[in-house]
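Okay, so here's the structure we're looking at.
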Amino acid sequence: MSTSDTTLTLGVDLGSTAIKAVLLADGTTVRARRCVPTGYNARQSAEQLVSHLLAEAGVDAGDVACTVATGYGRLYYEAADREVSEITCHARGARFLVPEARTVIDIGGQDSKVIGIADTGRVFDFAMNDKCAAGTGRFLEVMSRALHVPIEQFGELAGASTKQVPISTTCTVFAESEVVGLVARGEALPDIVAAIHRSIASRVATLVKRVGVTVPLIATGGVARNPAAIAALSAELDHPVNVAPTPEYAGALGAARVAAEST
Amino acid sequence: MSSSPDPDRNFALESLRSATASPDEHARAWKQRTGSGVVGTFCSYVPEEVIIAAGALPFRILQVPGEFGRADASLQAYACCLARGALELGLADGLEFLDGVIFSNTCDTMQCLADIWSADLGGDGGGFVETFMMPVHVSHSAAREYVMGEIQRLIDALGGHLGVAIATEALSEAVNACRDARGAMAKLHEIQRGPSPVLTARQYYDATMARWVLTPTDYTPLIDAVVADSQTLERVGPRIVIAGGPMYAPALPELLDDLGACWVADDLCTACRPSSGKLEASQDPVAAIADRLLSRPPCPAKHLTDYDPGKAVVDVAREASADGVLVYRLKFCEPHSFDYPRVKEALDAAGLPSLLVEVETPSSSVGQLRTRLQAFLEMLADPAVSGARA
Amino acid sequence: MNRAESSTTAERDRRSPRYVRLKSTAQLHKLMTRYYAYARYMPRLGKKIAWITSGGPVEPLYAAGIIPVYPENHGAICGASRMGPKLAEQAEAMGYSRDVCSYARCDIACAINGGGPIGGLPRPDLLVCCNNICGTVTKWYEVLARHFKVPMVLIDTPYLHDGELTDHALRYVRAQFDDLIVAIENVTRRSFSERRLQKRARLSIECIEAWKRVLGYCEHRPSPISCFDAFAHMFPIVTLRGTKWAIRYYRQLEAEIARRVEDGFGAVPEERYRLLWDNIPIWYDIRGLFKQLAARGACLVADTYTNAWTMDRLDQERTLDSMADVYTSIFLNIGIRRRFEQTAKLARRFNVDGVLIHSNRSCKPYSFGQLDIQRWIRQELGIPALLIEADMTDSRSYSREQVKARLDAFLETLEASA
């Protein structure tokens, strides 16, 4: 049941790995949020996700004033009133979660992006890597499989590293061979995992430098939940990188905010 | 395809589109109709006037495939898609209608491709392979005499290959016809970059690309018709300038139309850049061609003393009152890549928002390209953007 | 790769013959140190510095007392000291694409940010760019010209597809040499001495002859030195050609190599296979490749890169005229079929059993055409040719494991057909 004087907006972020949705009241309060793997049919997954989300919040589809879709699959989500780029949405979402955010670093499952935000809150520049797995969550997945170590253990392992071993190639496929070689040469697992994080940090840092390092640096996206990746990134940039709360929802949140702004 | 006298605007736009959509069909039809030769080129510096004076159709090899299975056997993957695609097309026998090709020393990659082409495609049944060696040092005092020597060498060689004697009168006529075509384009560019642009991005693409397919005498009346009957676009979105290297697929212009932007001007070697420059008459056609080649806005692979590539792009953008600039380049293009930091610096200093669009092939990753363009246009639409740099 | 395989490789590496440095190497290092120190301190006494491309005509600079500095040599040092990736990243942060020449990326990063393996190069007063090696140098030097705000002289040498240098092309090149002289006079504020140029040309010719002799010793079986030695000892022919220092050094080097031949000393003791290398070396993995090859008795006895500095036809009388011809006709400025013919000549002269072709991501003009050359080598010379993908300076584009595996397989093919 919805309150008649509340404006509800919905943001749906159709990423290639996961779909996220956020229900926002009056553009300020998160009523509900939910996340599912994209699966092979993004549209279907998104429709199901949204209907569960609305049910959970006790709201009908008709109560939603405006829906904005963003992300890789945004063109397929027909129930949206508008589709807006993930750059705009991540910027809005990050600013909502961290009002002083100036540089947003989003490391997703298959892409990474950096957004420069002026002090007025507007986006003035951005850089995207959506062509190469290095510097994205995919890199960590590949390494996790190569090492037979679940990603969840990566943070702790990297923390135990005592020695810097190099991973010199930037290509994910070649890096995998290199990692196998490191294992064969008897390098310690924590050291290898630390090297993997330095590698991903290095790729992302290059992207950040293209836009410019302006503090505060705020990380969003799934990989932001990996403390070792964030620590490596901070070290690479020589600046602290803070993780936004509920980092994987920044895009969907921003989309809901954009929806609210247009009502 | 022949143009009717005084074509109207719609017919003109359709003809330009159809030429651009299937340049090879057009070339084959032309060959059958006239019985004359078709000569392939890879670079806007190859003097088309010489080819036309020989009675042949100049055919700029641009719309090449985006997969390189055959080409990979002879050219590594770190060559640009235009070079790889051209080789692929040649090896797939997609250019069998050509009597031969003329390479210019466009850049290191094309220079090597000329040799690879000779090795893999030249010789029996493969058509002739000629080279036209432009001076890189276009502002040097000795460049003019040198380039005239090269033009003469091309006249002799091409005449030999096609079995014709290229007379000075024929060359003068060709020079005049090309000058008329460039003049027509210049008028169209002037309108498009003014306050009332008349073409959608796709139409602009067709109009500029058709230049490389049609003879100047077929091309000029079509452009004249568009100019004469110009109707301002109903909605003029953000004014976008595209600067950079060859753009040979309509994916980007179509996205601009889809996203509501307006393509008002360009500095591309497949559109405006080769057509600008000195349009003076000259007694000696060889000298006229030389002067044109040396005075046109240079490709980044040419060297002009104290030339500032940043200023050049800013000038084009300012002249067109651009809201934003797309810096377009093919992945692995060294000349454009080296200029980029200076171009970006100049655009930033001029307060012109810009987006680098680097493509692996012009039709690939359209979804990702759309996201970037959309983000850029959303950024432009935010009123507080210009001057909002931290 | 499993544990068993890797331990065999490790064993083999341990069994691999030790790389024995030439004693002259100590002298070479002194020479390099002296040269860079000279370049760093002499400007305080009014000497001028010119940055010049590796294929550029250096003789006029020495004749005018200008100290030449070679950013490409600096690039090689960056590669050899494993600083390639770090410097390349700095250039990329400035907006330079990762796909452009890694020498240029490293050099531009050092020029603008300082740093690098030798603390950077001394500021140029003049830039001399000859594009006989590639068109990239023109763009690289344009960037340097904008940054340092000094004059840039371009000598454009039209590429000789069929090897024919036309009269009008020669005149064009020759005219640009005149501009070089004018630029030199402007920088030094002295008139240029033709006599001094002839003297330097004589010294150049002598140095080239000495270098040819050094490389020629590899005809012996076993070869007293390998290409890895040649890559190190090419520094004087590239940077000090035209000086007495270089000639003195090569005399010493020659004597040591001759002694090795007398003693029957081979760079690879049990030399079984003689190989030829094409393209610029992989500067950061020279030891690794030597070890892998030597373990199987393979020795690199010739290469197209060091042989590029064996130009003929420099004339000490008609110096500038002959230079216009000579500098236009170098290895990288001729069509690939002719390059293959020169490579084949080397292969025959040095009796090679196979060819290693470095497909160098950073050097398009040297690499494009290699696939045809590889085919011709197989078909016309009847010997195997292996393609190795890497980058000369930027190790991020190098997969040691992949290359190791390929090279092992190649060496096994040689063994099998022996």
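It should be emphasised that the depicted structure is a prediction, and the values quoted were computed from it without experimental measurement. Within every chain, numbering begins at 1; the chains are lettered A, B, ... in the order of the sequence lines, protein sequences first and strands thereafter.
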key: N-O pairing of C:Arg406 and C:Glu389 below 4.0 Å   = yes

key: Per-residue contact mode, B:Tyr307 against chain C (heavy atom under 4.5 angstrom)   = backbone

key: Top contributor to chain C interface from B:Ala142, B:Ser118, B:Ser74, B:Ser141 [non-hydrogen pairs under 4.5 Å]   = B:Ser74

inquiry  = Counting only non-hydrogen atoms closer than 4.5 Å, does C:Trp376 touch chain B with its backbone (N, CA, C, O), its side chain (CB onward), both, or neither?
reply    = side chain

Nearest heavy atoms of C:Asp156 and C:Tyr172, plus distance in Å = OD2-OH, 2.6 Å

task = Determine whether the side chains of B:Tyr328 and B:Asp267 contain a donor N or O and an acceptor N or O closer than 3.5 Å.
result = no

request  = Sort C:Thr138 into side chain, backbone, both or neither according to what part of it lies under 4.5 angstrom from a heavy atom of chain B.
outcome  = side chain

Contacting moiety of B:His137, where chain C heavy atoms sit under 4.5 Å = both

query = Are the side chain of B:Arg273 and the backbone of B:Gly244 linked by a donor-acceptor contact shorter than 3.5 Å?
reply = yes

Under 3.5 Å side-chain donor-acceptor pair for B:Ser139 and B:Thr305 = yes

Whether C:Tyr398 and C:Tyr284 hold their rings parallel, tilted or perpendicular, with breakpoints at 30° and 60° = perpendicular

message = Under a 4.5 Å cutoff for heavy-atom pairs, which residue among B:Arg329, B:His140, B:Met133 has the most contacts with chain C?
response = B:His140

Chain B contact via C:Arg361 - side chain, backbone, both or neither, heavy atoms under 4.5 Å = both

message = Please check: side-chain N/O of C:Ser97 versus main-chain N/O of B:Ser337, any donor-acceptor pairing under 3.5 Å?
response = no

message = Before we go on, tell me: are the rings of C:His161 and C:Tyr159 under 6.0 Å apart, centre to centre?
response = yes

request  = Give a yes-or-no answer on whether the side chains of C:Thr157 and C:Thr328 include a donor-acceptor pair shorter than 3.5 Å.
outcome  = no

request  = Identify which of C:Arg174, C:Arg171, C:Gln374, C:Arg375 forms the greatest number of heavy-atom pairs closer than 4.5 Å to chain B.
outcome  = C:Arg375

inquiry  = Between B:Phe332 and chain C, with a heavy-atom cut-off of 4.5 Å, which part of the residue counts as in contact: side chain, backbone, both or neither?
reply    = both

request  = Examine whether an atom of B:Thr131 lies under 4.5 Å from a heavy atom of chain C, and if so say whether it belongs to the side chain, the backbone or both; otherwise answer neither.
outcome  = side chain

query = Quick one: what part of C:Arg146 sits under 4.5 Å from any heavy atom of chain B, side chain, backbone, both or neither?
reply = side chain

remark   = Closest heavy-atom pair, C:Asn360 versus C:Ile280, reported as atoms and distance to 0.1 Å, is ND2-CB, 3.9 Å

key: Contacts of residues 354-362 of chain B with chain C (heavy atom under 4.5 Å)   = B:Glu358

ask   = For chain B, which residues from residues 175-186 of chain C have at least one heavy atom closer than 4.5 Å to it?
value = C:Ala175, C:Gln176, C:Asp179

ask   = Between C:Arg105 and C:Thr393, is any side-chain donor less than 3.5 angstrom from a side-chain acceptor?
value = no

task = Would you mind telling me which of C:Lys139, C:Met152, C:Met94, C:Arg98 has the largest number of heavy-atom pairs within less than 4.5 Å of chain B?
result = C:Lys139

key: Contacting region of C:Asp99 [heavy-atom separation from chain B under 4.5 Å]   = both

key: N-O pairing of B:Glu345 and B:Arg342 below 4.0 Å   = yes

note = Per-residue tally against chain C (heavy atom, under 4.5 Å) across B:Ala77, B:Pro135, B:Cys333 peaks at B:Pro135

task = Using a strict cut-off of less than 4.0 Å between a Lys/Arg side-chain nitrogen and an Asp/Glu carboxylate oxygen, indicate whether C:Lys345 and C:Glu341 qualify as a salt bridge.
result = no

key: chain B contact via C:Asn131 - which portion, at a heavy-atom distance below 4.5 Å   = side chain

request  = Check each atom of B:Ala143 against the heavy atoms of chain C and say whether the ones under 4.5 Å are side chain, backbone, both or neither.
outcome  = both

request  = Go through the side-chain N and O atoms of C:Tyr96 and C:Trp140 and say whether any donor and acceptor fall under 3.5 Å apart.
outcome  = no

query = Is a side-chain donor-acceptor pair under 3.5 Å present for C:Asp325 with C:Ser329?
reply = yes

query = Can you find a side-chain donor-acceptor pair between B:Glu150 and C:His168 that sits under 3.5 Å?
reply = yes

query = Any luck finding a side-chain donor-acceptor pair between C:His358 and C:Asp278 under 3.5 Å?
reply = no

query = Can you tell me if C:Asn279 and C:Ser367 form a side-chain donor-acceptor pair at under 3.5 Å?
reply = yes

note = Turns out that what part of C:Val100 lies under 4.5 Å from chain B's heavy atoms comes down to both

